[in-house]
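As a basis for the values below, the full set of heavy atoms in this structure was taken, side chains included, without hydrogen atoms, waters or symmetry mates.
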Amino acid sequence: MNETVKKDAMAAPDDVDAKRKKAQRSRNVAIGFCLAAFVIILYVATWAKLGANVMVRPL
Amino acid sequence: MKTELTIGMNMNTSIEKESDFTVSTAMPADYFELLKPGVMRLVVFTAIAGLVIAPGQLHPVLALISILCIAIGAGASGALNMWYDSDIDAVMTRTAKRPIPSGRVSRSEALVFGLVLSFFSIFTLGVIANWLSAGLLAFTIFFYAVVYSMWLKRSTPQNIVIGGAAGAFPPMIGWAVVTNSVTIESLVLFAIIFIWTPPHFWALALFKSGDYASVGIPMMPNVAGNRSTQNQILAYSLLLAPIGFLPYWMGFVGLTYGVVSAVLGAAFVWFAFRCWQMDSDDKIMKPAKRLFAFSILYLFALFGVMILEVAAPNLIARFV
């Protein structure tokens, strides 16, 4: 923990900023991927559970 | 509050100050590590076994999603455990490189991550499979994060005996996903892992007792001594061998499992006996290390044979 803090403190502010931005971008991509996967899972599960009955509903 | 304080300041300075405290450098891989992938493997494996041998039919897609939910739920409890135990993880050599003690992920990030994943895994399992299995998953997460991590782990040498229940639930959840019930068969699957846990963890605790002592965790060797721990390991192993055989005796798995569980059960008792014979002051503790390694193989083999015995005939029938 201390080593990381020291490294961060020693690095130039631009480097730290770039590192943080890169991490933030990676996390955003991962969250986006997970959300898309979640939507697909619910979509596929609905078809698997209901099959053709998915169309049977009051209009 | 932070925004109000920065009003009137130089814009660049305020952004820098904000980023110092709010923007993390944690990468997705660091979050994945919070899920304890090693533990997750065993959870997934035993949950698949419960799901495969349970009587009844389940759409393969729903089965796959259910297993994913159980895996993520188990991972979430791992993240919550790392959040709570970060202080002791930093001291023990085995855990010092975990994401929180190494400074890659903050405690609050781990907590939020664990809670969010817990919610989504329980909710999705409830919607996809049934609310009994979702309830069992919720109880498993609660049991591991609260009962074991927050209460038992630091207060009693029986911590992993009772806490072992958390690791024993996955095959029961897998069974409940298919049958929407808790039956004697799923309780036997639970019992196998529950009784397996003490000899498995105490074998580890024997040769890692220094680590646990340094952080004040009352593991059995530190509290009752090595000799008493060795006695208890042998006692639990003698109990485990027949319980491991029970699924065959009760008739819900086949002869292959019966033979494998009998042979491996005898081997488990043999390794425990060697560990029992070991000098309590042994510095290298080879028999304890062997028992620890064999215990992992034992559980994987038992549940692996259960899966193969049911899955192999179906696969052969489909492709031959």
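Heavy atoms of A/A45 lying under 4.5 Å from chain B belong to its backbone as well as its side chain. Residue B/A63: no heavy atom, backbone or side chain, is found under 4.5 Å from chain A. Using a 4.5 Å cut-off between heavy atoms, B/I65 touches chain A through its side chain atoms alone. Contacts of B/L68 with chain A are made by side-chain atoms alone, with heavy-atom separations under 4.5 Å and no backbone atom involved.
Taking OH of B/Y212 as the start and CG of B/L204 as the end, the distance is 4.5 Å to the nearest 0.5 Å.
The 12-atom threshold is not exceeded at CZ of B/F123, counting heavy atoms of other residues, nucleotides or ligands nearer than 6.0 Å.
Under the salt bridge (Lys or Arg N to Asp or Glu O under 4.0 Å) test applied with B/D85, the options B/K153, B/R94, B/R107 reduce to a single match, B/K153.
Side-chain atoms of B/S181 and B/T179 include a donor-acceptor pair closer than 3.5 Å.
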